[in-house]
Peer 1: 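Before we start, here is the structure in question, set down as structure tokens.
All chains are named by letter (A, B, ...) in the order of the sequence lines, taking the proteins before the strands, and each is independently numbered beginning at 1.
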Amino acid sequence: MKQVMDPLQQQRYFSQELLDWYVVIKRDLPWRRHSNPYFIWISEIMLQQTRVDTVIPYFNRFIEKFPTVEALADAPEDEVLKCWEGLGYYSRARNLQYAARQIRDQYGGIMPSGKEEVASLKGVGPYTAGAIRSIAFNVPAPAVDGNVMRVLSRYFLIEEDIMKTGTRKLMEELVLQLIPEGRASDFNQGLMELGALVCTPKSPKCLTCPVMVHCRGRIEGMEDKLPVKAKAKPPRQEYRLTAIIEGSGVESGKVLIRKRPSTGLLAGMWELPHISEVPPDGDAARHVMLPDAAAAKKLAEELGRERLPVVPGEHVMAAEHTFSHIHWNMRVYTCSWSPAVPAMAAESAAAYDASPSIPEAGSSPGPLYQWITADDMERYAFPNVFLRILNAYFANI
DNA sequence: CATCCGTGGGG
DNA sequence: TCCCCAAGGAT
């Protein structure tokens with residue numbers, strides 16, 4: 001038996017065997033139970049850099065709460081973010097709603113299928129555009145993600161760095177040739193299914209692979225060295241002092257939270273007030289941790305400059321959290337809300353003219369600050385790290 | 001082209 | 001424990 005065929009034969013074989021395999025073993029996933037392009041779109045956004053098992057419960061909750069493009073477009077942003085809480089990459093949720101409004105206003109509420117129209121949607125890049133068009137509309141468009149690049153780099157023994165844009169474009173050209181007539185939806189999904197279930201990053205299950213006999217990567221013993229991918233930079237270390245500001249008077253028993261800006265890290269999410277432990281021009285690498293008492297004092301002083309009048313309390317806990325590119329080393333302290341404390345030094349006032357409205361004792365807090373109880377947490381979207389801290393705090397009260 | 005943007009599971 | 005990394009996109 002000849003193992004290495006000419007390129008065209010190798011492609012035909014691959015496509016046919018993959019399709020036959022996929023239609024038999026494909027997983028029963030929630031978004032595969034409908035042909036609703038809106039559902040396909042939601043699932044593809046959620047699946048960006050996120051595992052299927054993680055997405056499933058979020059997807060089910062999301063389409064129940066926002067069953068149509070219009071429902072999503074009309075919803076308050078905070079409700080969309082709350083539905084995304086814990087899923088990460090929160091700009092996806094904000095872009096998703098922005099795109100729902102694009103569809104409502106520009107396409108009459110109907111998901112478009114044209115290349116330019118789909119690609120114009122916020123949060124939809126080359127992969128997702130191809131995924132929506134091929135899966136929802138069966139258009140022969142490539143949908144090249146990490147799975148697809150791994151599978152193709154092994155099967156065709158492609159040693160280009162998959163982190164490079166040019167490599168993805170190369171793969172897109174290849175996929176376009178591989179898609180069998182009229183089978184774009186199943187073929188693209190099959191490609192990703194193979195990468196997810198068989199052609200896995202580590203220890204690929206070659207013996208169960210439907211295309212193993214002509215896989216050049218396996219034949220040449222390269223399956224464990226492919227795909228070629230540059231190593232990611234380690235996350236930078238950041239040191240944060242975090243405040244659990246305990247209310248007094250009518251706010252007794254409550255904790256002060258604040259809403260993050262609408263851009264950047266954790267955009268639009270709620271959090272506990274926190275400051276950097278390292279001075280703006282400090283050398284983080286040589287940073288020496290302050291003792292707890294000094295740290296709490298520094299925290300209270302910095303919050304005062306943010307016009308939050310507090311006095312330092314006690315150390316509560318330490319917490320760590322790793323984002324894609326940042327590692328937070330956090331120390332958490334209670335602070336007592338005390339309006340009698342000068343909220344800021346006079347000379348600092350000018351720097352905070354643009355700061356959000358400030359909560360005052362007995363008055364309603366500004367929209368970017370809220371006093372909450374444990375029960376109020378369900379009304380605000382928190383990143384995981386603050387969920388952990390708040391839950392630990394309220395559990396011990 | 002490089003950096004920013006979360007989280008949880010598996011080896 | 002640590003490191004990798006998963007159906008990527010925006011800037």
Peer 1: Can you sort out which residues in residues 132-142 of chain A have a heavy atom within less than 4.0 Å of DNA chain C? Ascending by number, please.
Peer 2: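 Close to the strand, none.
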
Peer 1: Can I get a per-line list of side-chain donor-acceptor pairs under 3.5 Å for residues 256-263 of chain A, giving both atom names and the distance, sequence neighbours left out?
Peer 2:
unit_1, atom_1, unit_2, atom_2, d
A:R258, NE, A:E271, OE2, 2.7
A:R258, NH1, A:E306, OE1, 2.9
A:R258, NH2, A:E271, OE2, 3.2
A:R258, NH2, A:H274, O, 3.1
A:K259, NZ, A:D78, OD1, 2.9
A:K259, NZ, A:G268, O, 3.0
A:R260, NE, A:L265, O, 2.9
A:R260, NH1, A:E271, OE1, 2.6
A:R260, NH2, A:L265, O, 3.0

Peer 1: Nearest-Å distance, CD1 (A:I45) to P (B:dC5)?
Peer 2: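 To the nearest whole Å, that distance equals 19 Å.
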
Peer 1: Output the residues of residues 23-44 of chain A in contact with DNA chain C, where contact means a heavy atom of the residue under 4.0 Å from an atom of the strand; sort by number or write none.
Peer 2: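 Correct list: A:R27, A:L29, A:W31, A:R32, A:E44.
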
Peer 1: Roughly, in whole Å, what's the span from CD in A:E320 to P in C:dC3?
Peer 2: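 Those two atoms, CD and P, are 13 Å apart.
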
Peer 1: Using a 4.5 Å cut-off on heavy atoms from C-beta on, say whether the side chain of A:F323 contacts that of A:P235.
Peer 2: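 No - every pair of side-chain heavy atoms lies 4.5 Å or more apart.
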
Peer 1: Each nucleotide N or O in nucleotides 8-11 of chain C that has a protein N or O under 3.5 Å away: list the pair and distance.
Peer 2:
unit_1, atom_1, unit_2, atom_2, d
C:dG8, OP1, A:G146, N, 3.4
C:dG8, OP2, A:Q49, N, 2.6
C:dG8, OP2, A:Q49, NE2, 3.1
C:dG8, O5', A:Q49, N, 3.4
C:dG8, O3', A:T128, OG1, 3.4
C:dG9, OP1, A:G125, N, 2.9
C:dG9, OP1, A:G125, O, 3.4
C:dG9, OP1, A:T128, N, 2.9
C:dG9, OP1, A:T128, OG1, 2.6
C:dG9, OP2, A:Y127, N, 3.3
C:dA10, OP1, A:G123, N, 2.7

Peer 1: Rounded to the nearest Å, what distance is computed from the NE2 atom of residue A:H327 to the C1' atom of nucleotide B:dC4?
Peer 2: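 Rounded to the whole Å, the gap is 18 Å.
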
Peer 1: Does a side-chain N-to-carboxylate-O contact under 4.0 Å join A:E277 and A:K298?
Peer 2: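 Salt bridge between A:E277 and A:K298, a charged N being under 4.0 Å from a carboxylate O: no.
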
Peer 1: We want to know whether A:E246 and A:Y393 form a side-chain donor-acceptor pair, criterion being a heavy-atom distance below 3.5 angstrom.
Peer 2: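 Yes.
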
Peer 1: Starting at CE of A:M163 and ending at C1' of C:dA6, how long is that distance when rounded to a whole Å?
Peer 2: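 Taking CE of A:M163 and C1' of C:dA6, I get 12 Å after rounding.
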
Peer 1: What is the distance, rounded to the nearest whole Å, between atom CD1 of A:I162 and atom C1' of C:dC5?
Peer 2: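 Whole-Å distance recorded here is 10 Å.
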
Peer 1: Should the pair A:E172-A:R168 be classified as a salt bridge under the 4.0 Å nitrogen-to-oxygen rule?
Peer 2: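 Counted as a salt bridge, because a side-chain N and a carboxylate O are separated by less than 4.0 Å.
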
Peer 1: Using the six-membered ring of A:Y58, assess whether NZ or CZ of A:R61 lies under 6.0 Å from its centre and within 45 degrees of the ring axis.
Peer 2: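 That pair qualifies as a cation-pi contact.
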
Peer 1: Specify the residue among A:G166 and A:G264 whose closest nucleotide of DNA chain B lies further upstream toward the 5′ end.
Peer 2: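 Its nearest nucleotide lies further toward 5', so the answer is A:G166.
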
Peer 1: Does A:E70 pair with A:R104 as a salt bridge, N-O distance under 4.0 Å?
Peer 2: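 Looking at A:E70 and A:R104, the cut-off is not met.
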
Peer 1: For the residue pair A:N138 and A:S185, confirm or rule out a side-chain donor-acceptor distance under 3.5 Å.
Peer 2: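 Distance-only check fails for A:N138 and A:S185.
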
Peer 1: Between A:H325 and B:dT3, does any side-chain N or O lie under 4.0 Å from OP1 or OP2?
Peer 2: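 No, no such contact exists.
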
Peer 1: Taking CG from A:L387 and C1' from B:dT7, how many angstroms apart are they, rounded to a whole number?
Peer 2: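 These atoms are roughly 12 Å apart.
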
Peer 1: Among the nucleotides B:dT7, C:dC5, C:dC4, which one has an atom lying closest to any side-chain atom of A:K229?
Peer 2: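 When the side chain of A:K229 is considered, C:dC5 is the closest of B:dT7, C:dC5, C:dC4.
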
Peer 1: Quick one: A:K164 NZ to B:dA2 P, roughly how many Å, whole number?
Peer 2: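 Checked: the NZ to P distance equals 8 Å.
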
Peer 1: Is any side-chain N of the basic residue among A:K169 and A:E173 closer than 4.0 Å to the acidic one's carboxylate O?
Peer 2: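 A:E173 and A:K169: not salt-bridged.
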
Peer 1: Check the interface with nucleotides 8-11 of chain B: list each N/O to N/O pair with the protein under 3.5 Å, or write none.
Peer 2:
unit_1, atom_1, unit_2, atom_2, d
B:dG8, OP1, A:N384, ND2, 2.5
B:dG8, OP2, A:N384, ND2, 3.0
B:dG8, N2, A:R51, NH1, 2.6

Peer 1: Give a yes or no on whether a salt bridge exists between A:D186 and A:R183, defined as a side-chain N under 4.0 angstrom from a carboxylate O.
Peer 2: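 Salt bridge: yes.
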
Peer 1: Give a yes or no on whether the ring-centroid distance for A:F386 and A:F382 is below 6.0 angstrom.
Peer 2: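 Between A:F386 and A:F382, the centre distance exceeds or equals 6.0 Å.
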
Peer 1: Starting the side chain at C-beta, find the nucleotide from C:dC4, B:dC4, B:dG6 nearest to A:R236.
Peer 2: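 So the nucleotide nearest the side chain must be B:dC4.
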
Peer 1: Identify, between A:Y90 and A:T165, the residue whose nearest nucleotide on DNA chain B lies closer to the 5' end.
Peer 2: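 Residue closer to the 5' terminus by nearest nucleotide: A:T165.
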
Peer 1: Report the residues that fulfil salt bridge (Lys or Arg N to Asp or Glu O under 4.0 Å) with A:K82, sequence neighbours left out, ordered by chain and then residue number.
Peer 2: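 Listed in chain order: A:E85.
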
Peer 1: Using whole Å, report how far CD of A:Q237 lies from P of C:dC2.
Peer 2: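 Result: 11 Å.
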
Peer 1: Give a yes or no on whether A:Y98 atom OH has more than 12 heavy-atom contacts from other residues, nucleotides or ligands under 6.0 Å away.
Peer 2: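 Incorrect, the count does not exceed 12.
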
Peer 1: Given the P atoms of B:dG6 and C:dT11, what is the spacing between them in whole Å?
Peer 2: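 The same atom, P, in both gives a distance of 14 Å.
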
Peer 1: Would you indicate whether the side-chain heavy atoms of A:P30 and A:I56 approach each other to under 4.5 Å?
Peer 2: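 When only atoms from C-beta onward are counted, A:P30 and A:I56 do touch, with a gap below 4.5 Å.
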
Peer 1: Name the nucleic acid region contacted by A:P383, choosing base, sugar-phosphate or nothing; use a 4.0 angstrom heavy-atom cut-off, strictly under.
Peer 2: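 The residue A:P383 makes sugar-phosphate contact but no base contact.
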
Peer 1: Does a salt bridge link A:R33 with A:D28, judged by any charged N lying under 4.0 Å from a carboxylate O?
Peer 2: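 Yes, charged N to carboxylate O under 4.0 Å.
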
